[in-house]
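Quick note on labels: first sequence line is chain A, next is B, and so on, each numbered from 1.
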There are 2 protein chains.
Amino acid sequence: MSDTQLKSALDTLKTTGVRITPQRHAILEYLIETMSHPTADDIYKALEHKFPNMSVATVYNNLRVFRESGLVRELTYGDNASRFDFVTTKHYHIICESCGKIVDFHYPGLDEVEHLAAHVTGFKVNSHRLEVYGTCPDCEEKATKLQ
Amino acid sequence: MSDTQLKSALDTLKTTGVRITPQRHAILEYLIETMSHPTADDIYKALEHKFPNMSVATVYNNLRVFRESGLVRELTYGDNASRFDFVTTKHYHIICESCGKIVDFHYPGLDEVEHLAAHVTGFKVNSHRLEVYGTCPDCEEKATKLQ
DNA sequence: TTATTTATTTATAATCGTTATAAATAGTTT
DNA sequence: AAACTATTTATAACGATTATAAATAAATAA
């Protein structure tokens, strides 16, 4: 299944005239197979045994290429490093404020909010961002144990 | 009305034992009276005629104090500068992807999303963030004129 | 095939928002 | 007034990201 995802992603790149280099292949592969939401540096470190000479800039450059092709979503967090997410189905994120863990959850699209916002402000709406913040079960348990 | 907002904000600070310095007063005043969502640097520049010797660090320090007191909300945008918003009523933001303008809009709290997320992931939920992205009327008009 | 053009990678320096640090100043308490 | 504490200022440092230029690889033309 993740194999077909990779193939389809490579196809998308090919049809838009983006060359598939070994580095790009590896970054995509890693993004698909990992269940985490890695930073650029995570990816860089995960692949350094395979590409000892790869530059961080290459990771950033290619993540931008993937983002522009719609294959990857960038999750930005203020001063902290962005996290990157291979786009599969539409989902939202819940983030642990204690350890930073990001977990996916599904929710029917909030079309209503978009419509209301468009109506009230006169904007032409493109998209929205929704994130939920809290404490994950692990951190919650640790916190209660300490008391 | 913004006068009572300022007074109540100063009260909040006083009761939590935070000193009210001229700089803090001015920053709060500016945040309340401006209808924009300024960056730390915007605030710094807006007040430099009044406080020629004020340091940028002072602006950042005090915005952090205000945030921790719950008076101010920080809106983070990846690599770009954070924007700061005096907390009045609960509202969401719609952001123009062309010029960066931020406009407020109201929407009944998305409690349902929080509940679902908590249920599905086992997290203890604290808050959420929702933003809508699009093009503001001004930029939309400019875009159509160019064609 | 070889030559030429173009895209990509690498290495490194630069940028920019933000924070840390330490000295100077102002305010509070004794 | 003296001692203590909070705050401001000035400046250096940090860390994520981007810009730059040279080196390399791939694609196309001759």
Check the distance between [N]'s [atom2] and [X]'s [atom1] and give it to me in whole angstrom.
X       : N      : atom1 : atom2 : answer
B:Leu63 : D:dT7  : CG    : C1'   : 15 Å
B:Phe84 : C:dG17 : CZ    : P     : 12 Å
B:Ile27 : D:dT8  : CD1   : C1'   : 11 Å
A:Lys14 : D:dA27 : NZ    : P     : 11 Å
B:Leu13 : D:dA6  : CG    : P     : 16 Å
A:Leu47 : C:dT9  : CG    : P     : 13 Å
A:Ile20 : D:dA25 : CD1   : C1'   : 15 Å
B:Arg24 : C:dT25 : CZ    : C1'   : 14 Å

Taking atom types as modelled, is there a side-chain donor on [X] or [Y] under 3.5 Å from an acceptor on the other?
X       : Y       : value
B:Gln23 : B:Asn62 : no
B:Arg64 : B:Ser69 : no
A:Glu74 : A:Ser82 : yes

(message) Check this one for me: any side-chain N or O of B:Ser82 less than 4.0 Å away from OP1 or OP2 of C:dT18?
(response) yes
(request) Could you tell me whether the phosphate oxygens of D:dT8, OP1 or OP2, come under 4.0 Å of any side-chain nitrogen or oxygen in B:Asn62? (result) yes
(message) Using every non-hydrogen atom in the two residues, find where B:Tyr44 and B:Ser55 come nearest and quote the distance to one decimal.
(response) CE1-C, 4.0 Å
(message) If I compare all heavy atoms of A:Lys90 with all of A:His106, which pair ends up nearest, and what's the gap?
(response) O-ND1, 3.3 Å
(request) Taking the six-membered ring of A:Tyr30 (Phe, Tyr or Trp), confirm whether the NZ or CZ of A:Arg24 is under 6.0 Å from its centre and within 45° of its axis. (result) no
(message) Here's a test of your reading of the structure: between B:Val18 and A:Arg64, which maps to the more 5' nucleotide of DNA chain D?
(response) B:Val18
(request) Measure from the ring center of B:Tyr92 to the ring center of B:His128 and say whether it is less than 6.0 Å. (result) yes
(request) Hey, could you give me the NE2/CZ distance between A:His37 and A:Phe84, rounded to the nearest 0.5 Å? (result) 12.5 Å
Please list, pair by pair, any protein nitrogen or oxygen found under 3.5 Å from a nitrogen or oxygen in nucleotides 27-30 of chain C.
none

Extract from the structure each pairing of a protein N or O with an N or O of nucleotides 9-13 of chain D at less than 3.5 Å, listing the distance.
{"unit_1": "D:dT9", "atom_1": "OP1", "unit_2": "B:Gln23", "atom_2": "NE2", "d": "3.2"}
{"unit_1": "D:dT9", "atom_1": "OP2", "unit_2": "B:Ser55", "atom_2": "N", "d": "3.3"}
{"unit_1": "D:dT9", "atom_1": "OP2", "unit_2": "B:Thr58", "atom_2": "OG1", "d": "2.9"}
{"unit_1": "D:dT9", "atom_1": "O5'", "unit_2": "B:Asn53", "atom_2": "O", "d": "3.2"}
{"unit_1": "D:dA10", "atom_1": "OP2", "unit_2": "B:Asn53", "atom_2": "O", "d": "3.0"}
{"unit_1": "D:dA10", "atom_1": "N7", "unit_2": "B:Ser55", "atom_2": "OG", "d": "3.3"}

Short side-chain to backbone donor-acceptor contact, [X] and [Y], under 3.5 Å:
X        : Y        : answer
B:Thr144 : B:Glu141 : yes
B:Thr16  : B:Leu13  : yes
A:Arg73  : A:Val87  : no

(message) Check this for me, if you would: do B:Asp41 and B:Lys45 make a salt bridge, where the nitrogen-to-carboxylate-oxygen distance has to be below 4.0 angstrom?
(response) yes
(message) Given C:dT8, D:dT17, C:dG17, identify the nucleotide with an atom nearest to the side chain of A:Tyr60.
(response) D:dT17
(request) Have a look at B:Asp41 and say if it touches a base, only the backbone sugar-phosphate, or nothing, with a 4.0 Å heavy-atom cut-off. (result) nothing
(message) Expected output is a numbered-order residue list: members of residues 66-76 of chain A with a heavy atom under 4.0 Å from any atom of DNA chain C. What is it?
(response) none
(request) Give none if D:dA30 has no partner; otherwise give the nucleotide forming a Watson-Crick or G-U wobble pair with it, both distances under 3.5 Å. (result) C:dT1
